[in-house]
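Have a look at the structure below, then the notes.
Atom set for the values below is all heavy atoms of this structure, side chains included, hydrogens, waters and symmetry mates excluded. Since the model is a prediction, treat every value here as computed from it, not as a measurement. Indexing begins at 1, ligand by ligand and atom by atom, following the structure's order.
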Amino acid sequence: MSRPAKSIHGQWSSRWAFILAATGAAVGLGNIWKFPYITGENGGGAFVLVYLLCIAAIGIPVMMAEILIGRRGRQNPVNSLHSLAAEEGKNSFWKYLGWSGVLSGFLILSYYSVIAGQAMAYVFRTFSGVFEGVTADGAKSIYSALINDPERLLAWHTVFMVFTMVVVARGVKGGLEKSVRFLMPALFAILLMLVGYAASTGEYFAQGLEFLFKPDFSKLSGEGVLTAMGHAFFTLSLGMGAIMVYGSYLPQKTSIMKVSIAISIADTLVALLAGMAIFPLVFANELATGAGPGLIFETLPIAFGHMVGGTFFGGMFFLLLVFAAWSSAISLIEPAIAWLVENKDVSRRRACVIAGFATWALGLLTVLSFNVGKSWTLFGQTMFGLLDYLTANIMLPLGGLLIAIFAGWIMKQQSTEDELAIEQPRLYIIWRALIRYVTPAAIVIVFIKIIGLF
Ligand code: PFF
């Protein structure tokens, strides 16, 4: 299998277009919804520290590996891996790694869309003013009324899936580039404002910061370490070929190292700001840090209900969150679409209908996990919990491990050196050491430790 000089889907118009799109893929529910609640469940500071270490030692090197594989292969992940393996004289079995990525994206989007649907419902709730002067108990009961109504969750999940697939059907590049350009600065501004509000809680702000940034390792379990590592993959959209697909549209001259670092920093900042906005409110209102997936929906409305202009800014916040989720959702399904179009010879539109419908249908499991199906558990997890665990804690790190092995051991040094084209030789050597030894060892050690727990 040979590789084309350019992707048949076209190219980003510039380096910026790629940075924006990849940041759009990275920044999403993972930063604002998931990071705070898993940090709360896993005891705070020590978890955050492990997460930051994973971003630096695993996330950035793997992101560089994914982009370089995508750009060199210039096709969907399945075909890029296949043709690069053939070029290096290696087994075509590597294409299955691309396959597992397509599957992970599909599984993740099925529940991602249901949560994005909840954020959509909150756009309307917040703008309507129901949160004005709301108490902690009031916010809690408004959230529980939403999730206990399967029809409503299903309706919002459906709306979100339709929006996502319509954009994907039109091609990823045009619209996305424009919306992310406005979205990211606006989201940043509102988060800063929320942190400002949190700062006005005085001692609780200090308590929130201490919770986030003062490590107490006695509160971190082995499972917590796995969750932190899995989240580093999830939040940067790694381990499943999403960034690889985006890399396949990247112009040849762009520095892969610089864009990877820029995207990772932006993504991490958004998550930390979200944590700084939320935990002071948790303490000020005597809520539980380990409240779970409802955490942002139960805390932030309290801030919006009491700050000046809260109804407007709150509505805007959830609207931006929906947009952020939407630009991530697009990247979750893009590997599947690129594969269907390139290998199955279906039109882009038809590919979207097939993949969109399948994802929507699987999403029903998550819809029901919040209400009538709450008691359908396996290994003590609901269907939603299971999908999340399987993808974020197992499939993405495993995908990342194989990507690291592919870039570090299967591809020749000359190939990766040419593609990365890093000016300072020392930095290339650091990357190569990380991707060959540190990243795989870290992932394997965490996995072994977890298996040892059982
Ligand atoms: N990074 C996204 C988030 O943090 O919300 C989620 C995601 C998108 C994961 C794309 C994986 C992916 F390929």
Side-chain angles (χ1 to χ4, degrees), residues 20-39 51 54-55 59 62-63 66-67 69-70 76-77 97-119 160 164 167-168 172 176 180 183-184 187 191 227-248 260 263-264 266-275 293 296 320-339 355 359 387-400 403:
L20 287 171
T23 309
V27 175
L29 295 172
N31 307 63
I32 293 171
W33 159 76
K34 194 170 178 192
F35 172 74
Y37 97 73
I38 56 177
T39 298
Y51 156 76
C54 289
I55 294 280
V62 171
M63 183 179 288
E66 279 208 32
I67 300 175
I69 294 169
N76 67 67
L97 170 56
W99 260 106
S100 92
V102 169
L103 182 66
S104 312
F106 159 70
L107 295 177
I108 295 175
L109 184 56
S110 79
Y111 68 81
Y112 202 83
S113 165
V114 178
I115 308 296
Q118 296 180 6
F160 186 80
T164 302
V167 178
V168 178
V172 169
L176 195 61
V180 178
L183 167 72
M184 286 301 145
L187 191 61
L191 275 174
T227 304
M229 181 178 80
H231 190 63
F233 283 98
F234 186 90
T235 192
L236 294 176
S237 311
L238 298 176
M240 56 150 280
I243 293 291
M244 205 185 282
V245 171
Y246 279 18
S248 73
S260 300
I263 296 165
S264 305
D267 187 82
T268 306
L269 273 180
V270 173
L272 295 179
L273 284 177
I296 64 162
L320 291 168
L321 180 59
V322 170
F323 275 115
W326 172 72
S327 57
S328 300
I330 290 168
S331 74
L332 279 163
I333 203 70
E334 181 64 14
I337 303 298
W339 177 80
T359 314
L387 276 169
D388 179 38
Y389 191 91
L390 177 70
T391 51
N393 290 16
I394 299 175
M395 292 176 77
L396 298 186
L398 211 54
I403 288 167

| Between atom CG of L332 and atom OG of S110, what is the distance when rounded to the nearest 0.5 Å? | 10.0 Å

| message | Using the rule given for side chain to side chain contact (heavy atoms under 4.5 Å, CB included), can you reason through N393 versus F234, listing the C-alpha separation, both sets of side-chain angles and the distance that settles it, and then say yes or no? | response | CA-CA 9 Å; N393 290 16; F234 186 90; over 6 Å; no

| field | Aromatic plane relationship, F35 with Y51 - under 30° parallel, 30 to 60° tilted, over 60° perpendicular | value | tilted

| Do the ring planes of F323 and W326 sit parallel (below 30°), tilted (30 to 60°) or perpendicular (above 60°)? | perpendicular

| message | Set out, in order, the CA-CA distance, both residues' side-chain angles and the distance that settles side chain to side chain contact (heavy atoms under 4.5 Å, CB included) for L183 and L320, then state yes or no. | response | CA-CA 7 Å; L183 167 72; L320 291 168; 3.6 Å; yes

| task | Quick one, list the residues around ligand 1 where some non-hydrogen atom comes in under 4.0 Å, by chain and residue number. | result | A25, A26, G28, L29, G30, N31, Y112, F234, T235, S237, M240, A242, S328, S331, L332

| What's the spacing between S237 OG and E334 CD if we round to 0.5 Å? | 13.0 Å

